[in-house]
Structure formats: structure tokens, C-alpha cells
Amino acid sequence: MGLLLPDLSPDFFLPATTGLTDFCLQNQLDVEFEALNGQLWLKSNIPKERPIGIEVDETLNRHTQFFKKSSVYKDNLARALGIKPGVRPHVLDLTGGLLGDTLLMLAMGAQVTTLERHPVVRFLIESALHNSSHPLLANFQFVANDAASFLETCSPYDVIFFDPMFEDANHKAGPKKEMRIFREVVGSDLDAMEIAEKAQTRALKRLVIKRPRLSQTLINGECLQYQGKSTRYDVYLMFK
Ligand SMILES: C[S@@+](CC[C@H](N)C(=O)[O-])C[C@H]1O[C@@H](n2cnc3c(N)ncnc32)[C@H](O)[C@@H]1O
């Protein structure tokens, strides 16, 4: 099967499929997309499960509403990024995924540049972004690239955020449904340690690594930790 796309009307935005078609063939991966509410979604191989995609406008509006009632400065991610009154860093998010963290950072007022290397995920992101006209996207840039090559040549960023896929040894119930399907397609990020070490050379102020709450740190060195119910942010401060 490889890549299966629905029949689309000529005015429906279709992100470039060149890399995606080759990727599915080379990896013998069957992925099927469906069109829903103006964008493309990844179908689950399990009947009746909702397809996977990114609701950019809805998510940004929900976060923005939330931060009208609850102070941004209390949020663990905001604290990890160094967001304070009058301080909104430019964040390089190395691992876009379904943009959960990126959209949260945008709603917190940060400027964000996000990378994603996986062709299937990149395709979902580009479709979702094209379907949104949210004003906060003025503070956002998406780059379909691998962090390894991007970090070689990019200028330094105040803050670099890194959330690689991990084997969740501490999660007894298993990953959430969306993450399970996502994990089937994307797999684990086995080069995470190398990328984190490279990121340390490009962060001006801090490198923030998102980890499962009870897991070990990804890299050596002293770090501040902000712990939530299931995740933890390890913050490596730079003294440059
Ligand atoms: C755990 S998910 C990120 C989830 C994301 N933070 C969110 O909230 O939706 C990891 C994602 O980063 C991507 N990724 C991992 N390593 C990468 C790298 N070196 N360069 C670019 N993307 C990478 C994976 O393809 C995957 O889509």
C-alpha cells in the first residue's frame, strides 16, 4: 500500500509528497491519510479510533483562554524556559511532533522555531499549519529538517527545547492511544543523547529536555528539574 491519500478537490492544500512517498516505500510503511475539516489526518489501523492530526486554532485558543485565568508564570514549562514578566525567549523546539509543546509555548508568548524530521509528521504539520490563520503563528517558523544538520549551521538560540521519543519504562498503563499510534510510525529517537549534546553548544541561556517523570537524565551535568505528574523538565543552564 505505501502512501494512501484520499481523493482531494483541486483547491485542497496538499503538502509535498516526494520525500514521503519514498520514505514509505523504503521503510515498507503503510500510512493512510484522510481529509477532515480542511486538512489531512493520519488514519489509525484500529477501527473506530480517531485519526491523528493537529488542531492548531482550537489548541491555541484553548491555551490562550487558560492563560487568561491562570498565570503563565506558574506553569512548569514556562518556568523551565525562563519565561518571566517582560521576558519571552526565542525558543528552538528541536522535536515538533504533533506540536503540543510548540503551541503551548506560542500561547505563553514565546517566539518559536520548530523542527521536525519525520516525513509523516512533517506532512501532518504542514497540512495543519496551512489550515490555520491564527495570529500567534506570526511568532512561529516551521523547518522540515533534522536537528543534527540544523544545529551544525544555525545561529545560537536563547533557549533550546528537546522532547525525544523515549521508551517509557515507568508507565505501567502503557502510552496514551495517540502516542501509541504515533510511536508505531515514528519509532524511538535513538540519537537523542548526541542531539542533546550538540544542542548544548548552540543554546545561549538554557537547554530544556523533557523526560518521563521518573526516568534518568538524558545527559550528564547539573540541571534544575521541574517535575509534573508524568513529565519532568531538566534545565541545563549555560554560562557563556
Ligand atoms: C516525542 S515527539 C515530540 C512531541 C512534541 N513535543 C509534542 O508536544 O507534540 C518527538 C518528535 O521529534 C521528532 N524528532 C526526534 N528527533 C529529531 C531530530 N533529531 N530532528 C528533528 N525531529 C526530531 C520525532 O520525529 C517526533 O516527531
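Starting from 1, each residue takes its place in the sequence as its number. Atoms within each ligand, like the ligands themselves, are counted from 1 in listed order.
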| query | Between OG1 of T113 and CG of L115, what distance do you get to the nearest 0.5 Å? | reply | 8.0 Å
| With a 4.0 Å cut-off on heavy atoms, does N145 reach ligand 1? | yes
| message | Nearest non-hydrogen contact with atom 1 (C) of ligand 1 belongs to which option: V185, L151, D163, D191? | response | D163
| For A147 and ligand 1, does the shortest N/O to N/O distance drop below 3.5 Å? | yes
| query | How many angstroms lie between CG in L207 and CD in E197, if you round to the nearest 0.5 Å? | reply | 10.5 Å
| message | Judged on heavy-atom distance to atom 16 (N) of ligand 1, which of H118, K210, R117 sits nearest? | response | R117
| Region of D189 that comes within reach of ligand 1 [heavy atoms, distance under 4.0 Å] | side chain
| Any idea which atoms of ligand 1 are less than 4.0 Å away from a heavy-atom of G100? | 7 (C), 8 (O), 9 (O)
| said: I need the contact type for D101 against ligand 1. Using non-hydrogen atoms and a strict under-4.0 Å cut-off, is it side chain, backbone, both or neither? | reply: both
| note | If we number the atoms of ligand 1 from 1 as shown, the ones under 4.0 Å from a heavy atom of L94 are 20 (N), 21 (C), 22 (N), 23 (C)
| task | For the residue pair F23 and H118, categorise the inter-ring angle as parallel (less than 30°), tilted (30 to 60°) or perpendicular (more than 60°). | result | perpendicular
| request: Specify side chain, backbone, both or neither for V186, according to which of its non-hydrogen atoms lie closer than 4.0 Å to ligand 1. | output: side chain
| task | With rounding to the nearest 0.5 Å, note down the distance linking CG in D75 to NE2 in H63. | result | 9.5 Å
| message | Working to the nearest 0.5 angstrom, can you tell me the gap between D163 CG and I209 CD1? | response | 10.5 Å
| remark: dist T102:OG1 -> D93:CG (nearest 0.5 Å) comes out at 3.5 Å
| query | Any idea which part of L99 is under 4.0 Å from ligand 1, heavy-atom wise: side chain, backbone, both or neither? | reply | backbone
| Relative to the heavy atoms of I195, which atoms of ligand 1 are at a distance of less than 4.0 Å? | 19 (N)
| task | Could you tell me which atoms of ligand 1, counted from 1 in the order shown, lie closer than 4.0 angstrom to a heavy atom of L98? | result | 9 (O)
| By side chain to side chain contact (heavy atoms under 4.5 Å, CB included) - contacts of K205 (at least two apart) | D158
| task | Quick one: list whatever passes side chain to side chain contact (heavy atoms under 4.5 Å, CB included) with N145, sequence neighbours left out. | result | V143, S149, F150
| query | Do any heavy atoms of A192 fall under 4.0 Å from ligand 1? | reply | no
| query | Should we count CD of E194 as having more than 12 external heavy atoms under 6.0 Å? | reply | no
